[in-house]
Amino acid sequence: MKLVKNISLAFVSAGFMVLAATAEAKAINLTYDSQIGSPGFGPGELFVPQGITVQDDTGNVYVSNGRGLNPDGSFNPELGNKVEIYNPSGEYIGAVGSGGTGPGEFDEPSALEFSPKNGNLYVGDVFNNRVNVYDSKGNFVNSFGEGLFGGLIEGRAFFGPSGITFDETNNVYVGDFSNDRILKFTEDGELLGSIGSAGTEPGQFQGPAGVRISPTSGNFFVTDQFNNRVQVLTPEGEPLLVFGEQGTGEGQFNQPIGVEVDDQENIYVADSINSRVQVFDRQGNFLTAYGEPALNEEGQPVAPPQLGEPPFGDPLDLTPGRFNWTAGTSLNDGKLYVGDFFQGRVQVLNVNRDEDSKKVPEPTALLGLGVFALGGVATKMRKNKQQSA
């Protein structure tokens, strides 16, 4: 184990002591690379892309395509309700699933992720209240979780399965957005337990939207949408770090959704209504941001569509770096994929890191991370002012 060079003690609040290791994180900036998909209802076109993932073996990009509507606002299962597939160059090559309630069918696919162990694709199925599983070729395997995910509640535009992630033993964790918890399943869909509860305290949620497990530490990284913050939890679900509050400034959020974490535990957050991505180091310190709202001819932000309207902003502003809400995300091989929620596309960003900077120490190098006065162990908790939407 390498020695940590700089160690400091910090007294944060009464009875709470933090032993912090300091190191220089790599500088990061995001630049536009390309676009996947375009707004519309035809093959390969997208509307409300809710989830994005990349298949490691092929480099193909999988995007959850939303629930189609007729002009009168009624549901049309023939529109969307698929996972669209694009090759690494962004060309449309096919789809997984179709609209409906039967085996392998969707009624609004949401978050999705490939298992790193067996290669299966796990996809949230919102209105069918379940998770659908497909093999690496797109063949239906099984569904699980029926009836466990909460329905729509007042003040929230989304419900059902949210973020999906896996631990090192291939247990799958699925955000239960309306029930304000994270459900833990075996890879075959047997319920093992849950993490979190409803509320505003550390370890509690109001709409856990994005969920990621760090391959470095095994910690959970969760966007807590209506608490306008990000939480980091231990593998056992104990809170380590809380940061963010409602607002438009650096380190502030307006309903964060997608979250990613890299090998140094830098944190990438889709700050949805602020139409941008923000990046933070592992301690929650702001590093950089990318993106701005789509604009109309008068230079004003384009409003999102209302319920029952076509799922696109009017007008569309497909300028690189302009978003009408950022939503689902995926981080793969130096690229950050970001859903442009109400503009029917995915923007692909380059993640540029300063390789000359020092690498942040691994969590195992942080000895005696911190103690509560009552003897509990923690790394750090920095609780900012919390505001509910």
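All values reported here derive from a predicted model rather than from experimental measurement.
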Rounded to the nearest 0.5 Å, what separates atom [atom1] in [X] from atom [atom2] in [Y]?
X: D340; Y: L318; atom1: CG; atom2: CG; result: 7.5 Å
X: T234; Y: I195; atom1: OG1; atom2: CD1; result: 7.5 Å
X: N254; Y: Q246; atom1: CG; atom2: CD; result: 5.5 Å

Practice task
Give the cluster check for L121 versus F106: same hydrophobic cluster or not, with ILVMFWY residues linked at side-chain heavy-atom distances below 4.5 Å.
Solution key: yes
Practice task
May I ask you to say whether R322 pairs ionically with E292, meaning some side-chain N is under 4.0 Å from a carboxylate O?
Solution key: yes
Exercise for the section: Starting from the C-alpha separation in whole Å, work towards a yes-or-no answer on ring pair (Phe, Tyr, Trp, His ring centres under 6.0 Å) for Y92 and Y86. Expected result: CA-CA 4 Å; Y92 178 67; Y86 305 84; 5.7 Å; yes
Problem - For the student: nearest non-hydrogen atoms of N128 and E105, plus distance - result: ND2-O, 3.7 Å
Practice task
Would you name the heavy atoms of Y122 and N118 that are closest together and state the gap between them?
Solution key: OH-ND2, 3.8 Å
Handout entry: Residues which pass salt bridge (charged side-chain N to carboxylate O under 4.0 Å, His left out) with E108, listed by chain and number, not counting sequence neighbours
Key = none
Handout entry: No-hydrogen, no-angle side-chain donor-acceptor test under 3.5 Å, Y173 and D167
Key = yes
Practice task
Establish, from distance only, whether the side-chain atoms of D224 and Q231 form a donor-acceptor pair under 3.5 Å.
Solution key: yes
Practice task
May I ask you to decide if the ring planes of F243 and F280 are parallel, tilted or perpendicular, using 30° and 60° as cut-offs?
Solution key: tilted
